[in-house]
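In what follows, every heavy atom counts, from backbone to side chain, and hydrogens, waters and symmetry copies are set aside. Residue indices begin at 1 and follow the sequence shown.
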Amino acid sequence: MKALSTWLVRTLAILLLAALAQAQQAQRITPNFKDADIQQIAEAVSAATGKTFIIDPRVRAQVTMLSSTAMSPAAFYEAFLSILQVYGFVAVPTGNVVKIVPDANARAMPAIDLPDRLNGKSDEFVTQVLDVKNVSATQLIPILRPLVAQYGNLAAYPASNVIIISDHASNVDRIVRIIHRIDQVGSSEPEIVPLHDASAAEIVRVVNSLYQGPAAAEGAAVKVVADERSNSVIIAGEQSQRLKLRALIAHLDTPLESGGDTRVRYLHYADAEKIAPKLKEQITGIAQSTAAPGGAGAPAGGGGSPLAQAERNAMVWADPANNALVITAPPKIMRAVMDIIDKLDIRRPQVLVEAIVAEVDVDKSSELGINWAAFSNGQNIPVGSFVSPVGGTSIVDLAGAIQNPSNASTTLLQGTTIGIGRIAGTGINFAAMLRAIRGDTNTNVVATPSAVTMDNQEAELKVAQEVPFITGQFTNTTAVTGGAVNPFQTIQRQEVGTILKVTPTISPEGSAVMLKISIESSSIGQKPAGAVDLVTNKRTITTTVLIEDGGVVVLGGLIEDNSVKGEQRVPYLGSIPLIGLLFKTRNASSTKNNLIMFIRPKILRDQAQAAYETDLKYNYMRDQERGLERREALPLLPGTSRGRLEPLPQWQQRSGADNTPPPPPPAPGRTPPSSQGQPQAEPNAPPPGALPPGAPAPAPNATPAPETPDVTPRP
């Protein structure tokens with residue numbers, strides 16, 4: 001019975017739906033209007049749908065509506081709403097009545113407020129309130145305003161972050177879909193990005209500077225804050241923008257090529273104490289040029305940006321114990337300072353300067369003369385005499401020496417003296433002296449001083465003695481000491497020997513050397529007659545020359561040839577042949593001085609060339625040492641060995657396959673500088689102008705043989 005009743009209900013429902021469908025199909029309309037009054041179309045819509053229309057008097061229009069297919073009354077009503085929208089009118093439903101008014105008044109009239117569901121195909125006027133969850137409603141208003149008609153309404157309420165929209169349902173539905181697309185769920189939790197190498201405050205400053213002006217809209221969804229205590233950056237905002245900022249921060253948070261804000265730079269070749277003040281001046285100049293616009297310097301009071309403040313606080317100081325520099329500076333200044341140090345802390349070439357001082361002096365002198373005197377006994381005045389000093393002495397000096405031998409002078413003992421005479425108590429006494437002196441002095445001095453020095457560094461070599469010279473004397477007789485004489489002398493010591501001072505400067509192309517040279521060669525000379533103290537022979541040259549690498553140049557030469565002849569005689573008598581020899585003394589002297597100085601520089605570009613030159617000199621000294629090793633039949637000190645030079649280290653010997661010493665380890669973060677394009681010598685190849693391995697070393701006093709000019713083009 002129950003099943004039968006259920007079946008009857010279902011059957012009746014199906015029959016009712018079929019009847020309604022047939023009724024609707026019976027009411028289908030095919031509208032065709034041409035230049036019809038809009039009020040006539042409103043009457044047709046009212047008759048088809050049963051709606052009541054109130055038409056504003058301002059609603060006037062001639063409408064053309066054509067359709068080739070039939071439509072239902074509801075579709076006919078939607079088409080009527082579209083006609084109203086096209087002609088600037090709007091239908092505002094109020095209960096069962098629909099008001100047709102101009103669209104300018106639509107916002108002030110109640111409409112379909114807050115519908116649960118929007119019909120995206122309807123042109124009815126509706127008002128909708130939309131909650132915005134993830135973005136700011138106020139920021140969406142400028143974006144959505146162009147999408148709403150002038151008669152529509154679009155407003156935001158910031159307190160609740162909602163948007164109020166009044167417009168046709170189709171347009172409201174479109175705007176709602178746009179807002180849902182923009183209002184995506186993002187990560188609102190702040191994200192902490194720790195930094196390792198960069199400064200958090202500096203990173204935030206760079207990011208905020210980037211997102212200013214035209215780029216502010218792109219970064220408006222994120223906020224960046226620096227935490228200086230943990231050196232971290234806090235990011236909050238939209239996910240995609242946060243990913244961009246994380247990539248940017250990761251790129252900025254990279255270590256510098258040479259470290260952070262404070263670095264310790266170990267120097268290999270330069271002097272840290274000398275270079276530190278110059279670098280401080282450079283840092284001060286950079287900070288002053290960038291501290292204020294126009295390079296006017298920092299403003300009073302220490303203002304300015306943090307970067308400018310860091311540049312002004314940059315400092316550098318030297319650690320002499322480690323030959324290192326401690327530098328504190330921002331990255332820009334740090335890179336500039338490190339570039340300067342890379343250019344200054346390089347291995348400079350050395351220069352071996354060899355000098356040859358060759359001096360040959362010939363000094364010859366000869367004196368011949370006769371002295372005679374005749375005098376009466378008991379008289380001081382001689383009857384006749386010819387007393388002229390020969391070799392610094394005369395017959396009077398000879399007579400005095402005979403009477404008192406202790407007063408004999410050294411000049412009296414020189415040469416050959418023959419005397420004859422008669423000394424008696426009565427009669428005429430006479431004496432005669434024949435004196436002949438010949439002196440020959442030959443001097444041959446060859447000095448070969450050499451010195452090794454750095455480029456642009458002065459070197460001095462002295463092989464000399466300090467000889468005392470009397471500069472003053474005083475004699476005082478005092479009664480305290482019983483009339484004893486207290487002599488007092490002042491002495492000044494002077495260096496006598498070979499002194500070489502040289503400052504080499506290698507040309508930029510590395511093929512020539514400019515030498516600033518000062519050479520002095522002095523020695524103790526023969527004391528001439530009448531000299532009160534020692535006599536020194538001094539030869540000095542001070543000049544600046546330009547010499548090719550390995551070339552020899554003469555600095556200067558002195559050639560002197562003096563010939564002096566003298567004669568003292570009695571007038572007329574001395575001119576008589578043969579007899580005149582009794583009345584004259586003669587002297588003659590001839591002096592020749594030959595002095596020439598040569599100089600030869602060699603550029604030692606690397607350790608191999610320096611080791612080669614050292615090996616030559618070292619082996620020469622060892623050969624000289626072996627020449628002194630002679631066996632004695634009866635040694636005075638048996639069991640005592642003579643000191644000797646040990647062989648050079650294995651890496652420095654030229655006989656090995658690789659003679660280059662191990663390079664020093666580079667400082668942390670430092671790449672050893674290159675040779676700056678200079679040609680490198682082979683490890684076993686001797687430098688230009690050097691002797692081949694195994695050849696005997698030249699003697700120190702040997703004159704260098706003339707070299708064949710090198711016509712091979714230099715690289």
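- One distance of note links CD1 of Ile346 with NE2 of His268; it measures 13.0 Å at 0.5 Å rounding.
- Considering CD1 of Ile143 and CD1 of Ile179, their distance stands at 10.0 Å, rounded to 0.5 Å.
- A donor-acceptor pair under 3.5 Å is formed between the side chain of Ser507 and the backbone N or O of Ala512.
- Side-chain atoms of Gln350 and Gln609, non-hydrogen and from C-beta on, never get closer than 4.5 Å to each other.
- Arg265 pairs in a side chain to side chain contact (heavy atoms under 4.5 Å, CB included) with only one of the listed residues (Val326, Asp342, Leu279, Val316), which is Asp342.
- A distance of 5.0 Å separates CE in Met338 from CD1 in Ile341, rounded to the nearest 0.5 Å.
- In terms of the side chain to side chain contact (heavy atoms under 4.5 Å, CB included) criterion, residue partners of Ala44 (sequence neighbours excluded) are, by chain and number, Phe33, Phe76.
- In summary, Arg177 and Asp173 engage in a salt bridge, as defined by a charged side-chain N under 4.0 Å from a carboxylate O.
- Counted within 6.0 Å of CZ on Arg246, heavy atoms from surrounding residues, nucleotides or ligands total 12 or fewer; the atom is thus considered open.
- In this structure, Ile178 and Arg174 have side chains that are in contact, with non-hydrogen atoms separated by less than 4.5 Å.
- Formation of a donor-acceptor pair under 3.5 Å by the Ser160 side chain with backbone atoms of Val162 is not found in this model.
- With contacts defined as side-chain heavy-atom distances shorter than 4.5 Å, the pair Ile333/Val337 qualifies.
- In this structure, Ile55 CD1 and Ile38 CD1 are separated by 7.5 Å, a value rounded to the nearest 0.5 Å.
- For the pair Lys133 (side chain) and Asn161 (backbone), a donor-acceptor distance under 3.5 Å is absent.
- More than 12 heavy atoms of other shown residues, nucleotides or ligands fall within 6.0 angstrom of atom CD1 in Ile182.
- Applying the side chain to side chain donor-acceptor pair (under 3.5 Å) criterion to Asn32, with sequence neighbours excluded, gives no partner residue.
- Residues Ala276 and Ala318 approach most closely at CB-CB, 3.9 Å, considering heavy atoms.
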- Query: Step by step, would you call Gln241 with Lys223 a side-chain contact (heavy atoms from CB on, under 4.5 Å)?
  - Reply: CA-CA 10 Å; Gln241 294 295 330; Lys223 188 175 183 180; over 6 Å; no
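- With rounding to the nearest 0.5 angstrom, the CH2 atom of Trp317 is 9.5 Å from the CG atom of Leu325.
- At least one side-chain heavy atom of Leu195 sits less than 4.5 Å from a side-chain heavy atom of Val233.
- Take Thr52 and apply the side chain to side chain donor-acceptor pair (under 3.5 Å) test, not counting sequence neighbours, and it matches no residue.
- For the pair Thr254 and Ala250, the tightest heavy-atom approach, listed with the atom from each and the gap, is CG2-O, 3.6 Å.
- Distance alone, capped at 3.5 Å, places no donor-acceptor pair between the Asp167 side chain and the Val126 backbone.
- Ile164 places none of its side-chain heavy atoms less than 4.5 Å from the side chain of Leu154.
- Ala137 approaches Ala156 most closely through the heavy-atom pair O-CB, 3.9 Å.
- Within the 4.5 Å cutoff, side-chain heavy atoms of His196 are placed close to those of Asp253.
- Between the side chain of Asp455 and the backbone N or O of Ile506 there is at least one donor-acceptor pair closer than 3.5 Å.
- In this structure, CG on Asp319 lies 4.5 Å from CG on Asn322, to the nearest 0.5 angstrom.
- Of all heavy-atom pairs between Asp35 and Gln62, the closest is O-OE1, 2.9 Å.
- Counting only heavy atoms from C-beta outward, the side chains of Leu245 and Glu191 never approach each other to under 4.5 Å.
- Contact check for Asn323 versus Asp271: side-chain heavy atoms found under the 4.5 Å cut-off.
- Residues passing the side chain to side chain contact (heavy atoms under 4.5 Å, CB included) test with Gln282 are Ile286, Ile340, sequence neighbours excluded.
- Residues Asn231 and Ala198 approach most closely at ND2-O, 3.1 Å, considering heavy atoms.
- Side-chain atoms of Ser230 and Asp227 include a donor-acceptor pair closer than 3.5 Å.
- Every residue meeting the side chain to side chain contact (heavy atoms under 4.5 Å, CB included) condition with Ala74, not counting sequence neighbours, appears here in chain and number order: Ser72.
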- Message: For a side-chain contact (heavy atoms from CB on, under 4.5 Å) check, start with the C-alpha distance between Ile54 and Ile100, then their side-chain angles and the critical distance, and finish with the verdict.
- Response: CA-CA 6 Å; Ile54 299 176; Ile100 300 176; over 6 Å; no
- Message: Show, in sequence, the C-alpha distance, side-chain angles and deciding distance for Val59 and Asp56, and conclude whether the side-chain contact (heavy atoms from CB on, under 4.5 Å) test is met.
- Response: CA-CA 5 Å; Val59 178; Asp56 191 281; 3.8 Å; yes
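- Between Tyr266 and Asp345, the shortest heavy-atom distance links the atoms O-OD2, 4.1 Å.
- Between the side chain of Asn208 and the main chain of Val204, a donor-acceptor pair closer than 3.5 Å is present.
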- Query: How far apart are the C-alpha atoms of Ile83 and Met65, what are their side-chain angles, what is the distance that settles it, and do they pass the side-chain contact (heavy atoms from CB on, under 4.5 Å) test?
  - Reply: CA-CA 8 Å; Ile83 292 174; Met65 180 179 179; 3.4 Å; yes
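- Listed by first and then second residue, the ring-ring contact (aromatic ring centres under 6.0 Å, His included) pairs involving residues 44-73 are Phe53-Phe80 (not counting sequence neighbours).
- In this structure, Asp37 contributes its side chain and Gln39 its backbone to a donor-acceptor pair below 3.5 Å.
- Looking only at distances, a side-chain donor or acceptor of Ser46 sits under 3.5 Å from a matching main-chain atom of Lys51.
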